[in-house]
Amino acid sequence: MGQIIGITGGIASGKSTVSLYLQELGFTIVDADLASRAVVEPGEEAYHQVVKAFGEDILLTDGNIDRVKLGSIIFNDQEKRLLLNGIVHPAVRNWMRVKTEAALSSGEETVFMDIPLLFESKLTFMVDKTLLIYVDEQVQLERLMNRNGLSETEALARINSQMPLADKKALADAVIDNNGDINETKRQLKAILSEWYVI
Ligand SMILES: CC(C)(COP(=O)(O)OP(=O)(O)OC[C@H]1O[C@@H](n2cnc3c(N)ncnc32)[C@H](O)[C@@H]1O)[C@@H](O)C(=O)NCCC(=O)NCCS
Ligand SMILES: Nc1ncnc2c1ncn2[C@@H]1O[C@H](COP(=O)(O)OP(=O)(O)OP(=O)(O)O)[C@@H](O)[C@H]1O
């Protein structure tokens, strides 16, 4: 009878940073971004569907999907983004359910799912509690530009393809403010987990 906590946020808000720390504490994290890579590996069903929908132009010479190219298409075109989501998301959900059930049935009491689009895709039914990693938009923009080497325009296109973080705040069971340094974030995380009797 374990529980599932859904970690969410916005692009570059700090979900992976928090997940890494949870992993260090010994928890299993089932990561939607990892899932979205696994399900489009050559040979997988979703891979063939993506190639059919977007054409062989989105392939690298080794046959893998060119994620930079696909990203530059879907973050600038809502119709294309919904097309990709429609192919990839069902496979991602399946992959995540299998991994999570495996961890829970091996006796783990709390498993975390890292799902960037938890609220946009209305996936709260998959988790028992939701934890939002929040940053102000200016901090998000700077961290995203730095991490991915993007221009301001490119970074804003990505941020604007998601629900504003301020709106997600109202939907989450708990919020971590990740504007400060990482130790401040870890302190908030531990306080929430302790309140939820996870640690
Ligand atoms: C467009 C793709 C190929 C870009 O790949 P890339 O390796 O550059 O980025 P990565 O997958 O690590 O995603 C980085 C971040 O972008 C954001 N993001 C990704 N896809 C989307 C989307 N469809 N809509 C809004 N934001 C998204 C998320 O915050 C995510 O954490 C890839 O993100 C993808 O296949 N997206 C569709 C699947 C999806 O929605 N993934 C997000 C979680 S299920
Ligand atoms: N508290 C912090 N102080 C300074 N830098 C941070 C902090 N938290 C995260 N970062 C940096 O900000 C960037 C984004 O963080 P991270 O990769 O954890 O975000 P994410 O939410 O997982 O992003 P994505 O949705 O794109 O996968 C990274 O370069 C990370 O090192």
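Just follow the structure's listing: the first ligand is 1, and inside any ligand the first atom is 1.
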Q) Please state which protein non-hydrogen atom is closest to atom 17 (O) of ligand 2 and give its distance, to 0.1 Å? A) Arg147 NH1, 2.9 Å
(Q) Under 4.0 Å from a heavy atom of Leu117: which atoms of ligand 1 are those, numbered in the order shown and with their elements? (A) 22 (C), 24 (N), 25 (C), 26 (N), 40 (O)
Q. Are side-chain N/O atoms of Asp62 and Asn64 paired as donor and acceptor at under 3.5 Å?
A. yes
Q | Nearest neighbour of atom 38 (C) of ligand 1 from the list Val88, Leu118, Ile115, on a heavy-atom basis | A | Val88
Q: Evaluate the side-chain contact (heavy atoms from CB on, under 4.5 Å) criterion for residues Asp167 and Phe119: first the C-alpha distance (whole Å), next the side-chain angles of each, then the deciding distance (0.1 Å), finally the verdict.
A: CA-CA 10 Å; Asp167 294 355; Phe119 293 127; over 6 Å; no
Q | Flag for Glu154-Ser151: side-chain donor and acceptor within less than 3.5 Å | A | yes
(Q) Restricting to non-hydrogen atoms, name the atom on Glu152 and the atom on Met145 that form the minimum distance, rounded to 0.1 Å. (A) N-CE, 3.6 Å
Q. Of the protein's non-hydrogen atoms, which lies at the shortest distance from atom 23 (N) of ligand 1, and what is that distance?
A. Asn85 OD1, 2.8 Å
Q: Could you tell me whether Glu120 approaches ligand 1 through its side chain, its backbone, both or neither, with non-hydrogen atoms closer than 4.0 Å?
A: neither
Q: State whether the side chain of Gln162 and the backbone N or O of Ile11 hold a donor-acceptor pair below 3.5 Å, judged by distance alone.
A: yes
**Q.** Pro116, portion touching ligand 2 at heavy-atom distance under 4.0 Å
**A.** neither
Q: Between Val40 and ligand 1, find which residue part has any heavy-atom pair under 4.0 Å and reply side chain, backbone, both or neither.
A: neither
Q | Shared hydrophobic cluster, Leu123 / Ile7 (ILVMFWY, side-chain heavy atoms < 4.5 Å) | A | no
Q. Would you say Asp66's side chain and Lys69's backbone share a donor-acceptor pair under 3.5 angstrom?
A. yes
Q) Could you walk me through whether Thr28 and Leu104 pass the side-chain contact (heavy atoms from CB on, under 4.5 Å) check? A) CA-CA 9 Å; Thr28 293; Leu104 290 174; over 6 Å; no
Q: For Ser161, take its heavy atoms, then give the atoms of ligand 1 lying under 4.0 Å from any of them.
A: 25 (C), 26 (N)
Q. Which atoms from ligand 1 have a heavy atom of Ile74 less than 4.0 Å away?
A. 1 (C), 23 (N)
(Q) Among Leu118, Ile5, Ile115, Val175, which residue satisfies the side-chain contact (heavy atoms from CB on, under 4.5 Å) criterion with Thr130? (A) Leu118
**Q.** NZ or CZ of Lys168 within 45° of Tyr134 ring axis and under 6.0 Å
**A.** no
**Q.** Gap between atom CD1 of Ile4 and atom CG of Asp128 - 0.5 Å precision
**A.** 5.5 Å
Q | Subset of ligand 2 atoms that lie under 4.0 Å from at least one heavy atom of Ala12 | A | 14 (C), 19 (O), 20 (P), 21 (O), 23 (O), 24 (P), 25 (O), 26 (O)
Q | Subset of ligand 2 atoms that lie under 4.0 Å from at least one heavy atom of Lys15 | A | 18 (O), 19 (O), 20 (P), 21 (O), 22 (O), 23 (O), 24 (P), 25 (O)
Q: Could you tell me whether a side-chain N or O of Thr100 sits under 3.5 Å from a main-chain N or O of Met96, the two making a donor and an acceptor?
A: yes
Q: Identify, for atom 12 (O) of ligand 1, the protein heavy atom at the shortest distance, and state residue, atom and that distance.
A: Arg37 NH2, 3.3 Å
Q: Do me a favour and list the nearest non-hydrogen protein atom to atom 4 (C) of ligand 1 with residue, atom name and distance?
A: Arg67 O, 3.8 Å
Q | Residue and atom name of the nearest protein heavy atom (relative to atom 12 (O) of ligand 2), distance in Å to one decimal | A | Arg143 CD, 3.4 Å
**Q.** Residue, atom name and distance, where the atom is the protein heavy atom closest to atom 19 (O) of ligand 2
**A.** Gly14 N, 3.1 Å
Q. To which protein heavy atom is atom 27 (C) of ligand 1 closest, and what is the distance rounded to 0.1 Å?
A. Phe75 CE2, 3.5 Å
Q | Side-chain touch Arg67/Val40, heavy atoms, less than 4.5 angstrom | A | yes
Q. How close does the nearest protein non-hydrogen atom get to atom 35 (O) of ligand 1, and which residue and atom is it?
A. Leu84 CD2, 3.8 Å
Q. Nearest protein heavy atom to atom 15 (C) of ligand 1, by residue and atom, and its distance?
A. Ile11 CD1, 3.7 Å
Q. Short list, please: which atoms of ligand 2 are under 4.0 Å from a heavy atom of Asp181?
A. 1 (N)
(Q) Which residue and atom name correspond to the protein heavy atom nearest atom 14 (C) of ligand 1, and how close is it? (A) Asp33 OD2, 4.3 Å
Q. For Ser19, is the nearest heavy atom under 4.0 Å from an atom of ligand 2?
A. no
Q: Considering the heavy atoms of Gly10, write down every atom of ligand 2 situated less than 4.0 Å from one of them.
A: 21 (O), 25 (O)
(Q) Give me the residue, atom name and distance of the protein heavy atom closest to atom 24 (N) of ligand 1. (A) Arg81 CD, 3.5 Å
Q: Identify, for atom 8 (N) of ligand 2, the protein heavy atom at the shortest distance, and state residue, atom and that distance.
A: Asn178 ND2, 3.0 Å
Q: Please answer whether the main-chain N or O of Pro116 pairs with a side-chain N or O of Lys15 as donor and acceptor at a distance below 3.5 Å.
A: no
Q) Do side-chain atoms of Gln3 reach the backbone of Thr110 as a donor and acceptor pair under 3.5 angstrom? A) no
Q. Are any of the N/O atoms in Gln162 less than 3.5 Å from those in ligand 1?
A. yes
Q. To the nearest 0.1 Å, how far is atom 22 (O) of ligand 2 from its closest protein heavy atom, and which atom is that?
A. Ser16 OG, 2.5 Å
Q | Side-chain donor/acceptor of Ser13 to backbone N/O of Val135, under 3.5 Å | A | no
Q) What residue and heavy atom of the protein are closest to atom 30 (C) of ligand 2, and at what distance? A) Thr17 OG1, 4.0 Å
Q: Would you mind running through ligand 2 and noting each atom that sits below 4.0 Å from a heavy atom of Asp33?
A: 27 (O)
